[in-house]
Amino acid sequence: MKRIYLDYAATTPIDPGVSEKINKISFELFGNPSSLHSFGREAGNALEESRKQIASIINARPDEIIFTSGGTESDNLAVKGAAFANRKKGNHIITSAIEHHAVHETCKYLETSGFDVTYIGTDSNGVIEPDEIKKALKKDTILISIMHANNEIGSIQPIGEIGKLARKYGIIFHTDAVQSTGHIDTDVELLNVDLLSASAHKFYGPKGVGFLYKKNNIVLDPQLHGGSQEFGLRASTQNLPGIAGMAHALEIAVKELNTESKRQVFLRDKLINSVLNNISNTKLNGHRTKRLPNNANFSFSFIEGEAILLSLDFEGIAASSGSACSSSSFAPSHVLEAIGLDVETARGSLRFSIGKYTTEEDIDFTIKSLEKIITKLRKMSPLCRS
Ligand SMILES: *Cc1c(COP(=O)(O)O)cnc(C)c1O
């Protein structure tokens, strides 16, 4: 059976060129980058080369890139690191109600250690109004953390504007750019950010590796203690094959970005328009245009997202109901709740995220299958009155 993967926001397959690079480096440059002999020096040079590549792509300096084990660690290092290092200056943190768990749960944790956190709401399209952040500012605000693009509903936030505000008040500004890096422009100067998190497996790189951009003047408390790797901010021997693979993956993603994003916007819009036009009682979640090129999230009234998901899976189509973390629990996603969906509507929601291996044929087949599945499930649904 043909299988169609439409869950690129959860993770992407590795680019073949990237996996080749990882294999090669694993064998040829196995030295510890901190070792002083030639094996170590060679590995160290490759490490610094990767740092330069990534820095240049996001318009940063090489010494502003810290390698980590992925998006979650980058978010933890940014948020906890900035909070604990600046505790003497203040105790207040501003974040949004739609952050990924990696930021959301980290902020919840900080509350248990005495920090005061404000969770800013969004409009019904899942977009944050910079004015709302301005209103939430306190004398002792030390950190603002707002994601660049949402992983569930794809909405893109006005990061540049929020960054300007943060600069004006001298507050550290972090953005979780895990969904946007390699997919839309993430120039740190245009975004006005001090800290930016990214993860390789969301842009066709390997799993378990990511980076944190940290502007030079920003002080962080390390969250892993040990050796002095990564400017003393992240102990542990660097995962050079993964890091070099990530740098290569980001280069490819950025090179393909213009053509690929146009292609994906076309497929995304075909999916969105067909679903909204052909299937009754259906709504799009997230902003119609200020959204990731690869994201479509719908609510189908009267039925459960999980039931649609399983029926799609039976047809070989992989989508996602809620984020991966909440899909095993019955609680509706905090993101769908934040944009004002009632519990029933949130439960009938499904995310489709497309990628560079998605074809128009895949989308056409998905639309047909969806129509068939929704009709069938609604016929059986006790909730359906239409
Ligand atoms: C996937 C994701 C993360 C977590 O990244 P990992 O590399 O899986 O730890 C964090 N934030 C967002 C927005 C994500 O989509």
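The structure presented is a predicted model; accordingly, all values stated were derived computationally and were not measured. Atoms within each ligand, like the ligands themselves, are counted from 1 in listed order.
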| In terms of ring plane angle, is the pair Tyr357 and Tyr204 parallel, tilted or perpendicular, where the classes change at 30° and 60°? | perpendicular

| Does the side chain of Gln264 pick up a donor-acceptor pair with the side chain of Thr358 at under 3.5 Å? | no

| query | Relative to each other, are the rings of Phe39 and Phe30 parallel, tilted or perpendicular (30° and 60° limits)? | reply | tilted

| field | Proximity of Tyr8 and Phe203 rings by center, below 6.0 Å | value | no

| note | Those residues with a heavy-atom separation under 4.0 Å from ligand 1 are Gly70, Gly71, Thr72, Asp75, His100, Met147, Asn151, Asp176, Val178, Gln179, Ser199, His201, Lys202

| query | With a 3.5 Å cut-off and no angle check, do the side chains of Ser299 and Thr345 form a donor-acceptor pair? | reply | no

| field | Any donor-acceptor N or O pair under 3.5 Å, side chains Asn23, Ser26 | value | no

